[in-house]
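Accompanying notes for the structure given below.
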Amino acid sequence: QVQLVESGGGLVQAGGSLRLSCAASGRTFSSYAMGWFRQAPGKEREFVAALRWNGGSTYYADSVKGRFTISRDNAKNTLYLQMNVLKPEDTAVYYCAASRKWYTSPRADEYDDWGQGTQVTVSS
């Protein structure tokens with residue numbers, strides 16, 4: 001099991017940028033595929049981005065492709081999500097998640113451990 005703590009959320013104007021971080025505890029972080037999900041009020045949790053243990057095979061939801069970048073630093077046990085050209089529809093609680101699968105997946109049920117989330121609010 002790995003413990004995950006997100007940070008970096010906040011209030012930003014449309015067109016602005018934020019970088020989310022997800023700090024992981026546990027020596028096995030580098031062996032996990034990792035993902036970001038988000039959940040807006042009244043909506044289901046949705047996939048944002050994912051990548052494999054070595055930072056490869058990045059995978060993005062169509063709604064964020066070209067604007068968001070997922071990356072990781074295994075030496076720092078940290079996952080990142082750089083979010084640019086933010087839109088009001090990006091407003092949500094953002095969660096990082098860890099998967100013991102060797103592949104990246106957009107399915108929330110394929111992730112084993114979750115953080116508590118960080119709020120991102122984009123004003124128009």
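- A side-chain hydrogen bond (donor to acceptor under 3.5 Å, both in side chains) check over residues 5-20, counting only residues at least two apart or in different chains, returns the pairs Ser17-Asn84.
- Remark: Phe29 pairs with no residue by the ring pair (Phe, Tyr, Trp, His ring centres under 6.0 Å) rule, at least two apart or across chains.
- For residues 113-124, the pairs satisfying salt bridge (Lys or Arg N to Asp or Glu O under 4.0 Å) are Arg100-Asp113, with sequence neighbours left out.
- At a threshold of 4.5 Å between side-chain heavy atoms, the hydrophobic network of Ile, Leu, Val, Met, Phe, Trp and Tyr places Met34 and Val93 in two separate groups.
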Side-chain donor-acceptor pairs under 3.5 Å in residues 61-70, sequence neighbours left out?
unit_1: Asp62; atom_1: OD1; unit_2: Lys65; atom_2: NZ; d: 3.1
unit_1: Arg67; atom_1: NH1; unit_2: Val85; atom_2: O; d: 2.9
unit_1: Arg67; atom_1: NH1; unit_2: Asp90; atom_2: OD2; d: 2.8
unit_1: Arg67; atom_1: NH2; unit_2: Ser63; atom_2: O; d: 2.9
unit_1: Arg67; atom_1: NH2; unit_2: Asp90; atom_2: OD1; d: 3.0
unit_1: Arg67; atom_1: NH2; unit_2: Asp90; atom_2: OD2; d: 3.4

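- Within the structure, disulfide (SG to SG under 2.5 Å) contacts touching residues 41-80 (residues at least two apart or in different chains) do not occur.
- Listed here is the closest heavy atom pair of Trp53 and Ser30: CB-O, 3.1 Å.
- In this view, Phe47 and Phe37, Tyr59 satisfy the ring pair (Phe, Tyr, Trp, His ring centres under 6.0 Å) rule, not counting sequence neighbours.
- Looking at heavy atoms from C-beta onward, Leu79 lies in side-chain contact with Trp36 at the 4.5 angstrom threshold.
- The salt bridge (Lys or Arg N to Asp or Glu O under 4.0 Å) contacts involving residues 43-52 comprise Arg38-Glu46, where partners must be two or more places apart or lie in separate chains.
- Sequence neighbours left out, the pairs with a member in residues 87-124 that pass disulfide (SG to SG under 2.5 Å) are Cys22-Cys96.
- Across all their heavy atoms, Ala97 and Tyr111 have their closest contact at CB-CD2, 3.6 Å.
- Considering only residues two or more places apart in sequence or on other chains, Val120 meets the side chain to side chain contact (heavy atoms under 4.5 Å, CB included) condition with Leu18, Leu20, Met83, Tyr94, Val122.
- Residues meeting the side chain to side chain contact (heavy atoms under 4.5 Å, CB included) test with Ser31, sequence neighbours left out: Thr28.
- Residue pairs meeting the disulfide (SG to SG under 2.5 Å) criterion with at least one partner in residues 47-79, sequence neighbours excluded, do not occur; the list is empty.
- Among residue pairs with one or both ends in residues 71-81, none qualify as salt bridge (Lys or Arg N to Asp or Glu O under 4.0 Å); sequence neighbours excluded.
- Atom OH of Tyr32 sits about 9.0 Å away from atom CG of Leu4, to the nearest 0.5 Å.
- Of all heavy-atom pairs between Gly8 and Thr118, the closest is N-OG1, 4.3 Å.
- For the atom pair OG of Ser124 and CD of Glu89, the computed distance is 10.0 Å after rounding to the nearest 0.5 Å.
- Leu51 is connected to Val2 through a chain of hydrophobic side-chain contacts under 4.5 Å among Ile, Leu, Val, Met, Phe, Trp and Tyr, so both are in one cluster.
- To the nearest 0.5 Å, atoms OG1 (Thr91) and CD (Gln119) are separated by 7.5 Å.
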